[in-house]
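As the structure lists them, so they are numbered: ligands from 1, and atoms in each ligand from 1.
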Amino acid sequence: MRQPALDLVIAALEMIREGSDRAPRASRAALARLGTGDPVAFSLVAASDLSEGMSAKGRRLQARDKIASLSAIRERVRACTKCSHLARSRTQTVFGVGNPDADLMFIGEAPGVDEDQQGEPFVGRAGQLLTRIIKAMNFAREDVYIANILKCRPDTPAGSFGNRPPTPTEMQTCRPYLVEQIDIIQPRVLVALGAVAVEGLLGTRATMRDLRGRWHTYNSIPLMITYHPAYLLRNQAPSEKRKVWEDMLQVLERLQQPISERQRNYFL
Ligand code: URA
């Protein structure tokens, strides 16, 4: 099984070397996994790195490879029992949703009760606000990719209401799945929603006041940090909503999307 995949990767590398004026590239993470013989790494290399600079047909194939690579991870996540307490308490895992070839990817913290029920990230009240933000940016949910640090809902005591934030250990355990998702999708811009998402992704603990509204990087990908939509539901001050919108204007500029006068003056 591994040799045919390797042959494909080598053939694609040779195509790039012959048909392009630059050397083939592969991300460090994908190369490291190739060294371990991990079969997913073959598709990672093929999907995320090899086809840059190829024809439109090549890029379409790349999107197809991304779908296959994401499906393989989705299956591993579905069967995951690394956090046995969460595997016992969850209704289902919540992998991620959207365009596998998205330019823009949002990262939240963990599924809540609605997401656990429906198997899709950001479908509850905070999710509806995120959808409004995405639409105000002139995108549809299907255009972007949305995922969380945790793929399981953090468990809560029986009979209690609400959600709890993920623990550092839960985030460390689940993070590799998100790393793989980002590695495959290779978005042009990442948006981390809230301090917990930042801690899960970068391992950095800081206040949102220090983090938000400016560019950071994750694995060479520009990363914008903004407030979690749940914060905006708790704090309805127009000034806070405007801050998130200004962060999204920066994202649109970075993606070189046209911004209308109406969008410039918009308040969430
Ligand atoms: N909050 C999150 O961070 N993620 C979800 O999927 C829903 C709410």
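The contact set between ligand 1 and Gly108, taken as ligand atoms under 4.0 Å from a residue heavy atom, comprises 3 (O). Listed by number with element, the atoms of ligand 1 under 4.0 angstrom from any heavy atom of Pro121 are 6 (O).
With a 4.0 Å cut-off on non-hydrogen atoms, Glu115 touches ligand 1 through its side chain and not its backbone. Proximity of Ala126 to ligand 1, defined as any heavy-atom pair under 4.0 Å, is not found for any part of the residue.
In summary, the side chains of Asp155 and Ser89 do not present any donor paired with an acceptor at a separation below 3.5 Å, with no hydrogens or angles considered.
For atom 5 (C) of ligand 1, the closest non-hydrogen atom on the protein side is Ala110 O, 3.4 Å. Protein heavy atom in closest approach to atom 4 (N) of ligand 1: Asn148 OD1, 2.8 Å.
Going from atom CD1 of Ile73 over to atom CG of Leu178 covers 10.0 Å, rounded to the nearest 0.5 Å.
In this structure the side chain of Leu232 reaches within 4.5 angstrom of the side chain of Leu129, judged on heavy atoms.
Looking at Phe122 next to ligand 1, an N or O pair under 3.5 Å apart turns up.
Judged by the 6.0 Å and 45° rule, Lys82 forms a cation-pi pair with Tyr177.
Between the side chain of Glu115 and the main chain of Gly112, a donor-acceptor pair closer than 3.5 Å is present.
Salt-bridge check for Arg78 with Glu75: passed, with a basic side-chain N closer than 4.0 Å to an acidic carboxylate O.
Among His228, Glu109, Gln118, Lys151, the residue whose heavy atom sits closest to atom 1 (N) of ligand 1 is His228.
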